[in-house]
Amino acid sequence: MKVLGLNAFHGDASAALLADGELTAAVEEERFNRAKHWAGFPRLAAQACLGGEAVEHVAISRDPWAHFWRKIARLAVSPRYWGKAVHRARNSLRVAWLASYLTPEAQRAQRIHFVEHHRAHLASTFFCSPFEETALVSIDGFGDFSSVMWGVGRGNRIDLCGAVHFPHSLGIFYTAFTQFLGFPKYGDEYKIMGLAAYGEPRFVRQVREVVRTTEDQVRLNLDYFIHQSQGVDMTWENCEPVLGTVYSRKMVDVFGEPRVPRSEIEQRHADLAASVQAELEENYFELLRYVQRRTGQKTLCLAGGVALNCVANGKIFENTDFRDVWIQPAAHDAGTSIGAALYVWHQVLRKPRSFVMRHTHWGPEYSTAETQRALRHAGLQYRDLEEEQLIDETARAIAEGMIVGWFQGRMEFGPRALGNRSILADPRRKEMKDTLNRRIKYREPFRPFCPSILAEKAGEWFEIDYPSPFMIMAYKIKPAMRGRIPAVVHADGTGRLQTVDRDVNPLYWKLIKRFEELTGVPVLLNTSFNENEPIVNTPAEALDCFLRTQMDVLVVGPSLLRKEENLALSHTRQASATSP
Ligand SMILES: [Fe+2]
């Protein structure tokens, strides 16, 4: 029996497919239409998941009827909210008429299920985790009028215990300061997390006035916000969503003039970011400690956009009594397509559990014949190598300081590239961060690059030896080791690590292992394969990115290309990419 899960008409639209309770495919729409955080209907993603096959159930991670009376009450007290409410109602109608958007094979489904947003988040983490019984927490900006939901998962059941409703939200608190600090785009919150490491939290006292969590109740000081009265706009700039301003004039009165986007970052901006991160953590841990006390559980499953805060996640063990944590790698809204499908399978259809998510490689893959067709079509010089030689040459190129594009197997689902659509470099070279930014990524200089490490070596290099397979935890790197991998050490001494298990991604594990044999360091710098765009999906997109940027080597399946052997083509592509 098949269940198609959808996150539609919401940021990071996505689709996922379950076959007899096992996840078989999951992909974001942005990977196909190349529009970051796409918020429409995930038509291409659904087609890719289904591959022309029929499904019995369709599940969407949104319920137009959830908290209906709360929404009506909000309209009654905030007349200025009406304009945004019309937009929201239009999206709700689209959800209600979902069948009209579905492909013919999905239209024949026996039933369409509307799964409340946070139930989908909770299902996306619990039903993918290895835990039989655990505390569950979902925290985000908003979804279906809630921003927090928590409960207990047992076997194939989720029992809800508490929630926080609109207008209060820890996610909106973080978004407000993200906007204030000059990062207005949807999903920019991680930039504040990166910037925080460069500041001193000297504004904590003032920031504490903005949000307070008591037990499980997050409370915003609404004097600092306008979303409760005016709603939240979403507009588009160069195909990227931009959220309307959510903070009020009071924010300016207390914290001074907001930073103009793309203007210089001053120390006070970093200090404010550090204060906001400190306050987020204070509230996050207050909530988690309460959930731990109330449930008595020692294990925790997390999801929701706030659970992508890897700096806070890395401190859960020292700040709570939880002893095991599993976080959905697509903790943001893309992951709710998986959650909606799993919720229907277990909670609605009452099927037993059999699935554990150990990797994120749920997207499309391309055969060697397809990748080689793309290489020939582009007129590129390349060599096909046996696996051992491919790994040896690639590891040597990285050790020599080259930047390598690494395209293998199925594309990752979620925000991180984890060894299948990655750009790899030598973490031992201090200058590598600047080199990568200058030659390929053009990112803000305060954002860190991250390490992939052999799972069995993590305890030698990091102060916490707990699996982090999805790059969703930042741990302190041991002081003695920091000097050996300076390109992946953040300003606060942490690294947002990916622990790579041999049985989960054998090819990537072998590459890191070979690098260790050559250099004594079982770590690679791993960043996503893209240049200011969604992560590449097809071989053609990988080739285009390789030729357009100053990448040195590209490995596509068994084929290895060197830029120096394809210089003429590269120059042509770079010239056309920079011409007006
Ligand atoms: Fe969400």
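For ligands, and for the atoms within them, numbers begin at 1 and follow the listed sequence.
Of all N, O or S atoms in Asp140, the one lying closest to the Fe ion (ligand 1) is OD2. Between the Fe ion (ligand 1) and the N, O or S atoms of Asp333, the shortest distance is to OD1.
Between the side chain of Gln292 and the main chain of Thr320, no donor-acceptor pair closer than 3.5 Å is present. A donor-acceptor pair is defined here as one N or O able to donate and one able to accept, closer than 3.5 Å; such a pair exists between the side chain of Arg62 and the backbone of Phe9. Within the 3.5 Å criterion, the main-chain N or O of Pro167 finds a donor-acceptor partner in the side chain of His227.
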**OP:** Given side chain to side chain contact (heavy atoms under 4.5 Å, CB included), test Phe413 with Leu23 step by step and report yes or no.
**Re:** CA-CA 12 Å; Phe413 181 70; Leu23 187 65; over 6 Å; no
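At least one N/O/S atom of His121, whether from backbone or side chain, sits less than 2.8 Å from the Fe ion (ligand 1). For the Fe ion (ligand 1), the set of nearby N, O or S atoms under 2.8 Å includes none belonging to His118.
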